[in-house]
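Per chain, numbering begins at 1; letters A, B, ... match sequence-line order.
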Protein chains: 2
Amino acid sequence: MSNSKLKSIGQLGKQFSISRSTLIYYDKKGLLKPSSRSEANYRLYTNGDIEKLKLILIYRNGGLSLEEITGLLNSKSGKSTSILTNRLQLLNQEIAKLRQQQQIIVQIIGQSKMLKSTRLLDKDRWVKLLRATGLSDDDMEKWHIEFERAMPEMHQDFLESLGLSQKEIRAIRKQSKQAEA
Amino acid sequence: MSNSKLKSIGQLGKQFSISRSTLIYYDKKGLLKPSSRSEANYRLYTNGDIEKLKLILIYRNGGLSLEEITGLLNSKSGKSTSILTNRLQLLNQEIAKLRQQQQIIVQIIGQSKMLKSTRLLDKDRWVKLLRATGLSDDDMEKWHIEFERAMPEMHQDFLESLGLSQKEIRAIRKQSKQAEA
DNA sequence: TCTAAACTGTATAGCTATAGTCGGGTCAAG
DNA sequence: CTTGACCCGACTATAGCTATACAGTTTAGA
């Protein structure tokens, strides 16, 4: 209807905030080949191409690989569903992995004497850091629970290193243990 | 004390389930250079090297880059803390990103007519899939809430596509709306 | 002792999804 | 006709490895 003029690689790139290199790469990979070329061999993208690109970007935002995207664009629903559910599964694995990494990092920080020796972190700073970093109170509680279950002693040490009183520590640990059940 | 014999690259690899190539790579990068070499120029790792490797692997499990690990091994606590808290921050960003990707994928699945046309998924299979994939009931509830807030109509469509009755759908949506507040 | 397997060395290419850079061609405006 | 903004294809770089090739070394068995 409206915009049926052919677009050059630069215009397209600007419109979707993609670099020229990316578009060339997609062309080479066969993911998005412009439907026509100018006399001087310039790439010319049709509206159809643009729609396809929009789809590609949506899929890309879902974290799908270019190979998977190719599959989605070329195949019918049966295969598509499996690609998508596959991705979903992988996503959860990845999230679980990152969660584990979080724990490991926290352990390292708590374990080393860094905290005590440098006195860089007290409770307030620590909580502030975690909050700034995107963790909700809910998430933090889950951490305590997990921490308590996996390594209670270290949990204790860690809380001590943050300068909490024994009373406070007892309260937190008790709560974490209850919540676990 | 016990094991003070020098180890070859192969032995070390086997012990820690690392490939020879990886060790060579670490050597080249300067991350872990064996303290000595045999007459035939074979790499010989001392106990000290092995301890260092253990540390490296711990850090690696925390998802730290080799560059960051190098930093941690060479520097004192001040810098170390910043590297670690940095990583913590990044981890949360990454997790948030993956969360978003999850949502996008689910939207795509729900949006397309794949479900209806192929009839591949009913509620039970869907729930089973999500559960197998590591999502807790808690997580699923959060999804509904988020889904309801972001795009209520699609939420409705999606639930319909799973074959739920209008009654069930009303219940879920109502609950999601309440929880949001 | 000889030989073959199992090891080691270095060097190189490949993987993903881009970003960026090169030298050179093309096009519109002034 | 020149200037500047575009375009071309090809190449390089990124992280963290893996895999391959080819050559020398060590070790186990016959």
Next item on the list: Please check if A:Ile50 and A:Ile24 belong to a single hydrophobic cluster, counting links between Ile, Leu, Val, Met, Phe, Trp and Tyr side chain heavy atoms closer than 4.5 Å.
Entry: yes
Check: Out of curiosity, does A:Leu53 fall in the hydrophobic cluster containing A:Ile58 (side-chain heavy atoms, cut-off under 4.5 Å, transitive links)?
Finding: yes
Next item on the list: State which of D:dC7, C:dA17, C:dG9 makes the closest approach to the side chain of A:Tyr42.
Entry: D:dC7
[N] [atom2] sits how many Å from [X] [atom1], rounded?
{"X": "B:Ile56", "N": "D:dC17", "atom1": "CD1", "atom2": "C1'", "value": "15 Å"}
{"X": "B:Ile9", "N": "D:dT25", "atom1": "CD1", "atom2": "P", "value": "17 Å"}
{"X": "B:Leu44", "N": "D:dT26", "atom1": "CG", "atom2": "P", "value": "11 Å"}
{"X": "B:Asn41", "N": "C:dT8", "atom1": "CG", "atom2": "P", "value": "13 Å"}
{"X": "B:Lys14", "N": "C:dT8", "atom1": "NZ", "atom2": "C1'", "value": "13 Å"}
{"X": "A:Glu94", "N": "C:dT16", "atom1": "CD", "atom2": "C1'", "value": "13 Å"}
{"X": "B:Tyr59", "N": "D:dG16", "atom1": "OH", "atom2": "P", "value": "16 Å"}
{"X": "B:Arg43", "N": "D:dT25", "atom1": "CZ", "atom2": "P", "value": "16 Å"}

Any donor and acceptor pair, going by atom type alone, linking the side chain of [X] with main-chain N or O of [Y] inside 3.5 Å?
{"X": "B:Asn92", "Y": "B:Leu88", "value": "yes"}
{"X": "B:Asp49", "Y": "B:Thr46", "value": "yes"}
{"X": "A:Arg87", "Y": "B:Ile105", "value": "no"}

Note to self: With heavy-atom distances below 4.5 Å as the criterion, would you say the side chains of B:Gln100 and A:Asn61 are in contact?
What the structure shows: no
Margin query: Quick check on D:dG16: is either OP1 or OP2 less than 4.0 Å from any side-chain nitrogen or oxygen of B:Arg60?
Written below: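 No, because none of the side-chain N or O atoms of B:Arg60 sits under 4.0 Å from OP1 or OP2 of D:dG16.
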Item checked: Any B:Arg37 side-chain nitrogen or oxygen under 4.0 Å from OP1 or OP2 of D:dT25 -> no
Note to self: Please compare B:Ser19 and A:Gln11 by the position of their nearest nucleotide in DNA chain D and report the one closer to 5'.
What the structure shows: A:Gln11
Next item on the list: With heavy atoms under 4.0 Å as the rule, sort A:Ser65 into base, sugar-phosphate or nothing.
Entry: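 Sugar-phosphate contact only - A:Ser65 comes under 4.0 Å of backbone atoms but never of a base.
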Notebook entry, point to check: With a 4.0 Å cut-off on heavy atoms, is A:Ser8 in touch with a base, just the backbone sugar-phosphate, or nothing at all?
Noted result: sugar-phosphate
Note to self: Does anything in residues 20-34 of chain B come within less than 4.0 Å of DNA chain C? Heavy atoms only, and list the residues if so.
What the structure shows: B:Arg20, B:Ile24, B:Lys28
Item checked: Criterion salt bridge (charged side-chain N to carboxylate O under 4.0 Å, His left out) on A:Glu51 and A:Lys54, from CA distance to verdict -> CA-CA 5 Å; A:Glu51 289 309 310; A:Lys54 281 183 192 166; 3.2 Å; yes
